[in-house]
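Below is one structure, written out as structure tokens, with a few remarks after it.
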Number of protein chains: 4
Amino acid sequence: MDLQLRDQVVLVVGGAGYIGSVVTERFRQEGATTVVASRRASDDLDSVVMDATDPVSVRSAIAGVVSTHGRIGALVVTAAPSAQTLDPARSSEPEQILEAVDSKALAFLRVATEVIPNMREAGYGRIVVISGQNALVTGNITGSVRNAATIMVAKNLADELAGTGIAVNAVNPGLVADDPPREVGIGRAGSTSTQQVADLVAFLASPISGVSGESIAVGHRVRGVMSF
Amino acid sequence: MDLQLRDQVVLVVGGAGYIGSVVTERFRQEGATTVVASRRASDDLDSVVMDATDPVSVRSAIAGVVSTHGRIGALVVTAAPSAQTLDPARSSEPEQILEAVDSKALAFLRVATEVIPNMREAGYGRIVVISGQNALVTGNITGSVRNAATIMVAKNLADELAGTGIAVNAVNPGLVADDPPREVGIGRAGSTSTQQVADLVAFLASPISGVSGESIAVGHRVRGVMSF
Amino acid sequence: MDLQLRDQVVLVVGGAGYIGSVVTERFRQEGATTVVASRRASDDLDSVVMDATDPVSVRSAIAGVVSTHGRIGALVVTAAPSAQTLDPARSSEPEQILEAVDSKALAFLRVATEVIPNMREAGYGRIVVISGQNALVTGNITGSVRNAATIMVAKNLADELAGTGIAVNAVNPGLVADDPPREVGIGRAGSTSTQQVADLVAFLASPISGVSGESIAVGHRVRGVMSF
Amino acid sequence: MDLQLRDQVVLVVGGAGYIGSVVTERFRQEGATTVVASRRASDDLDSVVMDATDPVSVRSAIAGVVSTHGRIGALVVTAAPSAQTLDPARSSEPEQILEAVDSKALAFLRVATEVIPNMREAGYGRIVVISGQNALVTGNITGSVRNAATIMVAKNLADELAGTGIAVNAVNPGLVADDPPREVGIGRAGSTSTQQVADLVAFLASPISGVSGESIAVGHRVRGVMSF
């Protein structure tokens, strides 16, 4: 399937991370000019330093990409600290919850807000954010609130941009692993590989995709309960 | 993106219809052996007659495909009467509602039930059903109940098959049109082309997809309301 | 709390059953004129025979109640065969699914359709249907589809009647038992007593309630997953 | 209907506000010992000063209530700044979003966390938080994220407390007005009076209620879209 990504500029925020690096590689295989944004300087040839929790850093990084490449056709944000870095003993602490919302949902919002004017000018754009299926389950307030907030930001942006040619979607992995187990418990999300996440992201970030305002689980969607 | 569908056998029930014919063409472009099932004999070289509301017809058609091709790798069901054929004046009539559930949700269930044993043996399969975004809105009881029932059948099958290598998903177009308008009203679903539906279906029906138990809108997902 | 149900006429379809008889008693304690509709003639002083799967029987029964009492202020429908009567071995059989949709969701629709004109004239009404939390879980296609269809009919009616003074809601028990256990498994609904169901129904069927278009679980809502 | 609230101790956080004062009055009519917590000292005879954004203030206020009254049977939290105080021009600003999550969802979490040990000891409790239907719609990121986060905190607590005798629920008004209009637009929530909110809260906070883990709209639930 030709994703028609050749010569498009794709910005992957968090593109040096566990999921992000596979996403980046995926876009390069499709022939896209793919810029990696990460907190620390990377040895990637096409990269930019960005701290997505800092509005000044975000603004300057995006301005740099636009100045170099002109047009950002697709933005992928997978910059959040992984779920494993969250302290489960502090999952109900207001401070950790706020910090987690800031560094995931609002980091995404900051980056998207800077990129959208460039896409609006072109009358075209694709935005994909990696959230997670723990938005759908209980048991860890930090995990569910930060991911649900991320999905809500995406849907708000999608609805605001309806009709402009810019599509916005969230992708929600369950557990991401190199060798994901097949089994899925009742009330639990299934597992997935980084490659499966990257393939779905590439599809949604491509011009051929007609999906917007969606939130898509990858890895079996929470088993045992209905979803619409 | 290589969907790895070459030499796979794909059965498209409703494959001669408005959406189905584009889906069929999509799979053939990917190199899949694609069998069209339709109510009336078609002049398609690789086709089978099937009335999905009749269990005997379904059983015999599937047996025929298995006997000819051995292995069904993917099943796509898009056999339902289009929303336009439903009489809006009868949308709250129990008889029309039952008939619509039977000819869409249960037609899908009948076909899937016959194909699943073949997929179980192989430890692999992909099932995609076309439902519709009117499952998400009110205003037409026939339209929302038959589509929601279709999504529920898909999620039930997906959960039952979790861990077997068989993935089941529903795809929910809004209005499907040759030249879909961009605008989306508040509380309404967006429009989509048959090609956009077919591309999403092809992705979900491919071995590379890690999605199961999902229900994905194509065309902007109902605008103005949150979705998870 | 004064539910202001004194002298109101309440019709309880299925009012002779396990849940229905407690609902009926509840309304009578509040001073409402409460008419029991049931399939077989009952020795209840204020009762009517109605087969909710038969449109002629429904029409004639409602006409009788209106002719005797003039005004129906509240309608409660809890007429469906209990979940225990469904054959689990046939839960994926199209015939049983259709029959279950007909005898629960569409039975409700038939009765509501006959009662609504009377409520429209008065510019006031309360309609409550008992569905069930298996609408929210997978594992039994018959159970989930018939209950989801019931909830969808209720929401469609509520939306159609918005602004008319008529409120429509669904109440979704988990397991109903005389001595409901407290424990709730992950991915499971909690248990409830008939009295708890009846109290919630009485509240929603009273003039003081401002709730419409809702679907409310009674007994812990499916544990482990988010709900909005 | 006897809510069995006589002699129970009910703490209403935000009990001096527009909704809170009616809720407080409702509980007193039922014969409950009702303590008002508010940011500023009130002339209510049974009141306590509490800043729900400050953990030290919350802890000391709850300790005071427990020391005076021994047992808290029900907690109602309606302490958040009203939607009108949110600056619509800043609804997409990360700072305002964080502040709104902190002063609503996390304020609720702080108070609940301090009260729950008292309820656990008693093996009984009822917790109700006022969130809002803008959790269900898009158009204002601050409004939807803070309310959804509040609902998620409630569901997480409910699930954690399943089986302990403590029920936790969220109540979601649309627009609250003295003279609520009947009309409801497509994609919009209906309006409600403070009295209707208070009556629902009183029911859910009473021992007779069997509801937990729910999130209930008051005022017509967003019209035009399905809800389960």
Side-chain angles (χ1 to χ4, degrees), chain B residues 52-56 58 90-114 116 134-162 168 187 212-213 215 225-228, chain C residues 52-56 58 90-114 116 134-162 168 187 212-213 215 225-228:
Chain B
T53 62
D54 172 8
V56 176
V58 170
R90 296 183 59 219
S91 69
S92 300
E93 279 186 21
E95 292 68 32
Q96 175 166 292
I97 299 170
L98 275 183
E99 206 180 287
V101 169
D102 188 49
S103 65
K104 187 160 188 175
L106 301 180
F108 165 54
L109 177 59
R110 273 181 211 102
V111 179
T113 301
E114 291 298 329
I116 286 168
N134 44 17
L136 309 174
V137 298
T138 61
N140 184 312
I141 299 183
T142 300
S144 45
V145 168
R146 74 168 189 159
N147 283 305
T150 304
I151 294 170
M152 297 186 88
V153 169
K155 178 65 163 130
N156 270 279
L157 294 177
D159 283 4
E160 188 184 326
L161 296 168
V168 187
S212 190
S215 164
V225 294
M226 274 307 310
S227 49
F228 278 87
Chain C
T53 62
D54 172 7
V56 175
V58 170
R90 297 182 56 218
S91 68
S92 300
E93 279 185 21
E95 291 70 29
Q96 174 166 290
I97 298 170
L98 274 183
E99 206 180 288
V101 169
D102 188 48
S103 64
K104 188 160 190 176
L106 301 180
F108 165 54
L109 177 59
R110 273 182 211 102
V111 179
T113 302
E114 290 299 327
I116 286 168
N134 44 17
L136 310 173
V137 296
T138 61
N140 184 313
I141 299 182
T142 299
S144 47
V145 168
R146 74 168 190 159
N147 283 304
T150 303
I151 294 169
M152 299 187 86
V153 169
K155 179 64 165 133
N156 272 278
L157 294 176
D159 283 5
E160 187 184 326
L161 295 168
V168 188
S212 191
S215 164
V225 294
M226 273 308 308
S227 49
F228 278 86

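Here is the naming used below: chain letters follow the sequence lines, and residue numbers restart at 1 for every chain.
Listed here is the closest heavy atom pair of Ser144(C) and Met152(B): O-CE, 3.4 Å.
Among residues two or more places apart in sequence or in another chain, the side chain to side chain contact (heavy atoms under 4.5 Å, CB included) test is passed with Glu99(B) by none.
For Ile141(B), the parts lying under 4.5 angstrom from a heavy atom of chain C are both the backbone and the side chain.
In this structure a side-chain-to-backbone donor-acceptor pair under 3.5 Å is present from Asn156(C) to Gly139(B).
The interface of residues 104-114 of chain C with chain B, defined by heavy-atom distances below 4.5 Å, comprises Leu106(C), Leu109(C), Arg110(C).
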